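Since this is a predicted model, take the numbers as computed values, not measurements.
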Amino acid sequence: MSATPRPTPATRRRRGERKRGWAWLSATALVTVPLLPLSTLAAGPVLADTVESTDDAARLDELRADIDALLEDPSLEGAVSGVVVTDPDTGERLYSRDADTQLLPASNLKLFSTVAALEVLGPDHTFGTEVAVEEGPDYGGSVTDLYLVGNGDPMLSEADLDALAADVAESGVTTVTGDLYADDTWFDDQRQVDDWDPTDEPYAYAAQISALTLAHGERYDTGVTEVEVAAGTEGEPVEVDLGLAEGYMELDNQAVTGAADSTDTLSITRPLDTNTIAVTGSLPEGSQPVTRVRTVDEPAAFTAHVFERALERHGVEVEGDVDLGALPEGEGPVVLGDHESPTLEETLVPLLKFSNNMHAEMLVKGIGREVAGEGSWEAGLAGTQEALTGLGVDTGDMRMHDGSGLSRGNLATASSVVDLYTQVRDEPWFEAWHDSLPVAGDPDPFVGGTLSGRMGDTAAEGVVSAKTGTLSGVSALSGYVHGADGDDLVFSVINNGHTGWAPWGVQDAVAARLAEYMGHTGPVRTLARGGAEAPSTAPAGSGDLECTWVEAC
């Protein structure tokens, strides 16, 4: 644990000139200052300036040598690493390697989409969900068709739907003689980006995008249901609970209960182009139930299905079907209930802390709706680009194919990421955005996020605020290192083309070394010059995808 007091959020964002001198030195950064001639000693101020200048140059040379050594780690053999470290107050580039090489950024792309959303929509923006009818209830409490209308809320919960159902009942409605329609026309009907890997579709990190979707769990995964599988008696089928999707999804259960000492081969998936949960394999008798989150087909229809059950609980019967459909245009619908989401500022916490892909994509479509009246990726990405350019961010070497970084059509450079971090510091919404970034080594998942299990008990703990990014062969860590005196460094490490686990150990060692350079102390894992293997902190199973996506962090 670092013995240096951690800066408060207000202190660590303070601007000002860099303070350099003996206070910066630590046991791992001491340099030998050569003896100076007596004539120089007589000129006091010159001596101080000379010693300080010599010290700064030596410390910087040592920093660069240490980062060079880290990047020679065997885990990066054959890889390309874009690395930039900059003083954002002076613009001085302290370190640079392949800074302008276009690389896959993975989830570092969320930095750009969230900044654009704050600029276009504003931190206080909310997303509404309404229940409406063309005409109010008659004297008997009947309405014809009922519409559940979504406007891109990424945090709409089952409890929110229950409250909306209560509003409908309180309005006097007892019967819907027609159908219950899910209206998600605020966005277009393109559910996924065209180059996403179709084999990812069953998993929460690649769910379908809709303007009306239900969020699950404390991380607010959208467009999913929680499936629980329990073992029975040996030789008998396992028991499967589809969660909120019971009655909405089909079940293909071919899994059996194996002997108590048998191998667990259970598989839970959703076959491509189906709305079916397929369970195969074997679960040993006496095993604890297995719970997995899997995606649904057509999230809007699923949300309306859950809403229908909420209506039933509140005494409102739907006699017709549940289907997709737009609220007809007319003189004005009668709104029976409405729900307002948390603010965008609050939404960013689960988005960036847990690297929520679907939230990022919903924001991009929301940008498109705001700037062009079209909730599409095409309009949203154009609006994102325009917003970034307006903020002064250099995006000339970038290509955005989605908002989350899941697409392998995305390209960015370490320079562009550092430029983004630098340009946004004076924006009125900066603090909200900054505080949504994962914090190194903080065990609280809503603070540490994807960095909760990384860089603990090092100089970086609590002073590195950064965004992770992981796909197969792609890994990134970019963010701020907050100095002991309140100044910052900005850094970006983007690794492409490595094999095996994500090179988290190297990235963490770079960040910890930068934290030490900025005046913090701790057991910094600095590699010896010439290269030695950096310790890996990546949990098993997280090497191919962002750790929160595979429940590894």
(message) Is the terminal nitrogen or CZ of Arg59 (NZ for Lys, CZ for Arg) located under 6.0 angstrom from the six-membered ring centre of Tyr517 and within 45° of that ring's axis?
(response)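 Yes, a cation-pi geometry holds between Arg59 and Tyr517.
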(request) State which residues pass ring-ring contact (aromatic ring centres under 6.0 Å, His included) with Phe112; sequence neighbours excluded, sorted by chain then number. (result)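 Partners of Phe112 under the ring-ring contact (aromatic ring centres under 6.0 Å, His included) test: none.
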(message) I'd like to know if the side chain of Asn356 reaches the main chain of Arg219, judged simply by a donor and an acceptor atom lying under 3.5 Å from each other, with no hydrogens or angles considered.
(response) yes
(request) State plainly whether the residues Arg454 and Asp442 are in salt-bridge range, i.e. N to O under 4.0 Å. (result) no
(message) I'd like to know if Lys365 and Asp188 make a salt bridge, using a cut-off of under 4.0 Å between side-chain N and carboxylate O.
(response) yes
Cut-off 3.5 Å, no hydrogens considered: what does the side-chain donor-acceptor table look like for residues 380-393, sequence neighbours left out?
residue, atom, partner, partner atom, Å
Thr384, OG1, Gly380, O, 2.8
Gln385, NE2, Thr395, OG1, 2.3
Thr389, OG1, Gln385, O, 3.0

(request) Provide the closest heavy-atom pair for Leu156 versus Leu212 in the form atom of the first, atom of the second, distance. (result)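 Smallest interatomic distance, heavy atoms only, reads CD2-CD1, 4.1 Å.
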(message) Check this for me: does any side-chain nitrogen of one of Arg191 and Glu298 sit under 4.0 Å from a carboxylate oxygen of the other?
(response) yes
(request) Only counting residues at least two apart or in another chain, list the ones meeting ring-ring contact (aromatic ring centres under 6.0 Å, His included) with Trp433. (result) Tyr421
(request) Give a yes or no on this: more than 12 heavy atoms of other residues, nucleotides or ligands lie within 6.0 Å of atom CD of Gln190. (result) yes
(message) Looking only at the side chains, is there a donor atom on one of Thr126 and Ser341 sitting less than 3.5 Å from an acceptor on the other?
(response) no
(message) Less than 3.5 Å apart, any donor N or O on the side chain of Lys110 or Ser107 sitting next to an acceptor on the other?
(response)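 Looking only at side-chain atoms, Ser107 and Lys110 do form a donor-acceptor pair, the distance falling under 3.5 Å.
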(request) State which residues pass ring-ring contact (aromatic ring centres under 6.0 Å, His included) with His125; sequence neighbours excluded, sorted by chain then number. (result)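 Result, ring-ring contact (aromatic ring centres under 6.0 Å, His included) vs His125: Phe127.
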(message) With a 4.5 Å cut-off on side-chain heavy atoms, are Met398 and Ser416 touching?
(response) yes
(request) Kindly write out the residues that satisfy salt bridge (Lys or Arg N to Asp or Glu O under 4.0 Å) with Arg97, not counting sequence neighbours, or none if the list is empty. (result) Asp68, Glu72
(request) Could you pull out all residues at least two apart from Trp549 that satisfy ring-ring contact (aromatic ring centres under 6.0 Å, His included)? (result) Tyr205
(request) Please determine if Glu201 and Arg270 form a salt bridge, counting it only when a charged side-chain N lies under 4.0 Å from a carboxylate O. (result)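 Answer for the salt bridge query: yes.
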(request) Would you confirm whether Asp98, through its side chain, and Thr101, through its main-chain N or O, come within 3.5 Å as a donor-acceptor pair? (result) no
(request) Test Pro154 against every option in Thr213, Thr347, Ile209 by the side chain to side chain contact (heavy atoms under 4.5 Å, CB included) rule and name the one that passes. (result) Thr347
(request) For atom CG of Asp189, decide whether the heavy atoms of other residues, nucleotides or ligands shown that lie under 6.0 angstrom number more than 12. (result) no
(request) Taking the six-membered ring for Trp and the full ring for Phe, Tyr or His, determine whether the centres of Phe446 and Phe354 are under 6.0 Å apart. (result)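 Here the rings of Phe354 and Phe446 have centres that are less than 6.0 Å from each other.
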(request) From the options Val463, Val490, Val85, select the one residue that forms a side chain to side chain contact (heavy atoms under 4.5 Å, CB included) with Leu514. (result) Val85
(message) Quick one: does any side-chain atom of Thr458 pair with a main-chain N or O of Met455 as donor and acceptor, under 3.5 Å?
(response)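 It does hold such a pair.
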(message) If we ignore hydrogens and angles and just use 3.5 Å, is the side chain of Glu374 paired with the main-chain N or O of Arg369 as donor and acceptor?
(response) no
